[in-house]
Structures are given as structure tokens and as C-alpha cells.
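This is the structure, below, for whatever I ask next.
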Amino acid sequence: MNKYEYTYAVARIRANEAKLLTPQQLGLVIAAPTFDEALRRVSDFGYDIGEDGYAAALQKREKETDELVFGILPDKSMLDSMIIKNDFANLKVCLKALVCDKPTDGLFTSPSVYDPYEIKKHVFDRKNDKLPECMRHADRSGYRILTQTHFAQLADSVIDRAAMEQTLLFAEKADNEVMREWAQAYVALSNIKVLYRALKAQKAESFMLRAVADCRSFDKKDIVKAAVKGEDAYFEFLSSTPFAAVAESLKRSTAEFEKRSDEYILALFGQYKNDPFGIAPIAAFRYAAHIEILDLRIILSAKHNGMSEEDIRGRVRGSDV
């Protein structure tokens, strides 16, 4: 695709970047003396908080962001790597609904690469060959695990690994440097978190191997061997990876690690966002906009529950807040 086809889309994104909240504005929301005052400040910054409350307002902004981004893209498939995880989340919903005889109403995640209702139809009919090719193995494995062993956590791990693998494949298909770098970082950081949780839960090596996706940053077998040996060996292994500084935050909490991971990826996108001709500024905007919404969700929930300003600042993304 001619890179100049993105100039209009990038111009639209530049105009909308100005609407993103600055660290100072987020700081004002955090510093609000009451929950109601925090809501008022968020409303002043452009969020339409009506009778349905802040959760609905944040969800609405999320939807509007994706409608903007995917509506202006010359080739929507360029961002398939960023949303394919939603398709696999929908696959999990369908499989569990089928096995447990439960409805799927309101449980699908969007945006998605594939129509979730088509996925549901084929899963419920057990027409595996009608599913997108990238989901067939995960569907078979997840269904077998759920029906034969009832080990839902293993089924989730197998499907999540398939989602990470497809994230990498879609990023390669996009043939764009920033999307490849983002996907490799995303999968590596996801692997690190998955293995740490498995380590803490004393999961078997076989479980870990089924839960981890191959990536360029480290050898899958090597990192699993380190995790099996315990925390000291695991953190020693991570100290030699590009994610050593982010991984250190796991010693404090997984929430801190998730925050540092998002900051790492924001910084990665920041290196490319000034490219006027490609997908990078658009992907960077989408990621930043979703992080802003996540931050506001964290802040307002914490305010509602009476958390201190210091504790809230420790949870939001962006080191300048």
C-alpha cells in the first residue's frame, strides 16, 4: 500500500491527539478532594458523564475512539494484531457458554477481527472447519480440555497463548516495523506475567509450556526452566532480557507490572508517532487513548472507594502524572 494513503488519516489523528488529557489534567482529577469533584473535572475535560454514570461514559469514549480509528484507516487489517485478542476472548466466552449451557448476552468484546456471532454459531454447532483457520486449534483444544478435564484455567491459558501467537502473525502480515516491535513487546511482557502467576501458583512445567508463546526476546524453554526453579532463578533470567527494569516491578505487584508494561509500550510507540505517512501515529493514538480511559477508570473507582491520592498516583500510567 502506498504510504501516502495514510496522510489524511494521520491528519485526523493529529487533530484528535489534542483532545487527549495531559498528565497535568489527570493530576487534577487525582487531586480532587471528593469523588463528585473528580467526576466534575472529568466532565469538564470532555467526557459526557450523564445519568448512567462514569463507567458508561468511559465505555462510550472507548467505542468512539475505535470508531474513529477504524473508520479512517485505509486498510483496517493493519491493526488486526492489536484486536485479535478480543476474538480469542470471544472464543472463550462461546466455549464456556456451550459447555456450561449459559447465555453469551453482553459478554462479547469489541472491536474484533471476526464477527463474534458467527464464531458463536460455529462453536455451538461444533463446525470447527467453519471457524477462521487461526482459531481452529484453540477451539479444539479448549473444548477438549473443558469437556474432558473441566480445567478451565488450562483452557484459558491455551487459548490465550494462541491469541498471542496470532498477534505476532498478524503483525508480521502488516509488514510494518512499529507493529512488529509492538507485538513482540506485548507478547514478551504477557509471557512474563503469565509465567510469574504460574510460578506463584506452583504450576507444573507442562502447564507453563502450554501457556507461553514463542517470541524473539527469549527462548520459551529457557524461561520456563527458570520459572520452574523459583523466583530467584526467574528474576535472574529476566535480568538479562530487554524487559529487566519492567520485570523488577513484579516483585512489588502484578498491578505495578501491568502499569510499567503499558508505560514501556507507550514509550515504544512514542518513538514512531511523528511519522506522517504510516500506521504508527494511528496505532500510538489508539493505545494512548485506551490507556487514558483505563487511567480514568482506575482513578474514579479509587476515588469512589476512598483511596488516598498517593496510592492512586502509584496506579495510573504515565510517569509524569
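Below, all heavy atoms of this structure are taken into account, side chains as well, without hydrogens, waters or symmetry copies. Residues: numbered from 1 along the sequence shown.
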Exercise for the section: Taking only Lys NZ, Arg NE, NH1 and NH2, and the carboxylate oxygens of Asp or Glu, determine whether D160 and K92 approach each other closer than 4.0 Å. Expected result: yes

Handout entry: CZ-CD distance between R286 and E62, expressed to the nearest 0.5 angstrom
Key = 8.5 Å

Handout entry: Salt bridge flag under 4.0 Å for residues E205 and K225
Key = no

Handout entry: Atom pair CD1/CD1 of I279 and I13 - distance to nearest 0.5 Å
Key = 9.0 Å

Handout entry: Joint hydrophobic cluster, L68 plus M78, side-chain heavy atoms closer than 4.5 Å
Key = yes

Exercise for the section: Keeping the roles fixed (side chain from K220, backbone from L209), state whether a donor-acceptor pair exists under 3.5 Å. Expected result: yes

Practice task
Carefully, step by step, assess E231 and Y196 under the rule side chain to side chain contact (heavy atoms under 4.5 Å, CB included).
Solution key: CA-CA 8 Å; E231 284 195 51; Y196 184 70; 3.6 Å; yes

Exercise for the section: Test the K251-F235 pair against the cation-pi criterion, namely NZ or CZ under 6.0 angstrom from the six-membered ring centroid and within 45° of the ring axis. Expected result: yes

Problem - Pair S77-D75, side-chain donor/acceptor within less than 3.5 Å - result: yes

Practice task
Could you tell me which non-hydrogen atom of A155 sits nearest to which non-hydrogen atom of G142, and how far apart they are?
Solution key: CB-O, 4.1 Å

Exercise for the section: Flag the pair D156 and K96 as a salt bridge only when some basic side-chain nitrogen lies within less than 4.0 angstrom of an acidic carboxylate oxygen. Expected result: yes

Handout entry: Stepwise salt bridge (charged side-chain N to carboxylate O under 4.0 Å, His left out) test for R41 and D36
Key = CA-CA 9 Å; R41 293 181 185 186; D36 287 341; over 6 Å; no

Practice task
Determine yes or no for a side-chain-to-main-chain donor-acceptor pair under 3.5 angstrom, with R297 supplying the side chain and L58 the backbone.
Solution key: no

Exercise for the section: Using a strict cut-off of less than 4.0 Å between a Lys/Arg side-chain nitrogen and an Asp/Glu carboxylate oxygen, indicate whether E133 and R136 qualify as a salt bridge. Expected result: no

Handout entry: Side-chain (K259) to main-chain (G314) donor-acceptor, under 3.5 angstrom
Key = yes

Problem - R252: partners by side-chain contact (heavy atoms from CB on, under 4.5 Å), with sequence neighbours left out - result: S249, E256

Handout entry: Residues which pass salt bridge (charged side-chain N to carboxylate O under 4.0 Å, His left out) with R197, listed by chain and number, not counting sequence neighbours
Key = E258

Exercise for the section: Using the ring pair (Phe, Tyr, Trp, His ring centres under 6.0 Å) rule, collect all pairs that involve residues 111-141, keeping only residues at least two apart or in two chains. Expected result: F108-Y117

Practice task
Ignoring hydrogens and angles, tell me if any N or O in the side chain of N191 forms a donor-acceptor pair with the backbone of V212 under 3.5 Å.
Solution key: no

Practice task
Check the hydrophobic clustering (I, L, V, M, F, W, Y; side-chain heavy atoms under 4.5 Å; chains of links allowed) and say if I265 and V194 are grouped together.
Solution key: no

Handout entry: Donor-acceptor under 3.5 Å (D295 side chain, V316 main chain)
Key = no

Completion exercise
What one should report as the nearest heavy-atom pair of A89 and T109 is CB-OG1, 4.4 Å

Handout entry: Side-chain donor-acceptor contact under 3.5 Å, Y264 with R260
Key = no

Handout entry: E67 CD: over 12 foreign heavy atoms closer than 6.0 Å
Key = yes

Fill in the blank from the handout: Rounding to 0.5 Å, atoms CD (E17) and CZ (R12) come to a distance of 13.0 Å

Problem - Test log, rule side chain to side chain contact (heavy atoms under 4.5 Å, CB included), inputs L268 and V178 - result: CA-CA 8 Å; L268 186 157; V178 68; 4.3 Å; yes

Exercise for the section: Mind running side chain to side chain contact (heavy atoms under 4.5 Å, CB included) on Y272 and E177 for me, showing each step along the way? Expected result: CA-CA 9 Å; Y272 295 90; E177 183 180 6; 3.3 Å; yes

Exercise for the section: Starting at CG of D262, measure out to CZ of R317 and round the result to the nearest 0.5 Å. Expected result: 4.5 Å

Problem - Between D311 and S308: side-chain donor-acceptor atoms closer than 3.5 Å - result: yes

Problem - Within 45° cone and under 6.0 Å: K203 NZ/CZ vs F207 ring - result: yes

Practice task
Name the orientation class of the two ring planes belonging to F237 and F218 (parallel below 30°, tilted from 30 to 60°, perpendicular beyond 60°).
Solution key: perpendicular

Practice task
Indicate, with yes or no, if V93 and L95 share a hydrophobic cluster defined by side-chain heavy-atom contacts under 4.5 Å among Ile, Leu, Val, Met, Phe, Trp and Tyr.
Solution key: no

Problem - Cationic N near anionic O, under 4.0 Å, D175 to R180 - result: yes

Problem - N128-Y143 side chain donor-acceptor pair, cut-off 3.5 Å - result: no

Problem - Donor-acceptor pair, side chain of Y234 and main chain of I192, under 3.5 angstrom - result: yes

Handout entry: E37 and R40 ion-paired at < 4.0 Å
Key = yes

Completion exercise
Closest heavy-atom pair, A283 versus L79, reported as atoms and distance to 0.1 Å, is CB-CD2, 3.9 Å

Practice task
For the pair D115 and K120, evaluate salt bridge (charged side-chain N to carboxylate O under 4.0 Å, His left out) and give the outcome as yes or no after the intermediate values.
Solution key: CA-CA 9 Å; D115 182 347; K120 176 182 176 179; over 6 Å; no

Exercise for the section: Quick one: pull up OG in S141 and CG in L146 and give me the separation to the nearest 0.5 Å. Expected result: 10.5 Å

Completion exercise
Correct closest heavy-atom pair for Q25 and L20 would be OE1-O, 4.0 Å

Problem - K303 side chain to I30 backbone, donor-acceptor under 3.5 Å - result: yes

Handout entry: Closest heavy-atom pair and its distance - A211, R161
Key = O-CB, 3.8 Å

Problem - Residues E292 and Y47: side-chain donor-acceptor under 3.5 angstrom - result: yes

Exercise for the section: Kindly indicate, with the supporting measurements, whether the criterion side chain to side chain contact (heavy atoms under 4.5 Å, CB included) is fulfilled by F45 and L26. Expected result: CA-CA 10 Å; F45 293 145; L26 276 177; over 6 Å; no

Handout entry: Spacing of H304 atom NE2 and F35 atom CZ [to the nearest 0.5 Å]
Key = 5.0 Å

Practice task
Answer yes or no: is there a donor N or O on one side and an acceptor on the other, between the side chain of D139 and the main chain of M135, under 3.5 Å?
Solution key: no

Handout entry: Sole residue of E64, R61, K60 in side chain to side chain contact (heavy atoms under 4.5 Å, CB included) with D48
Key = K60

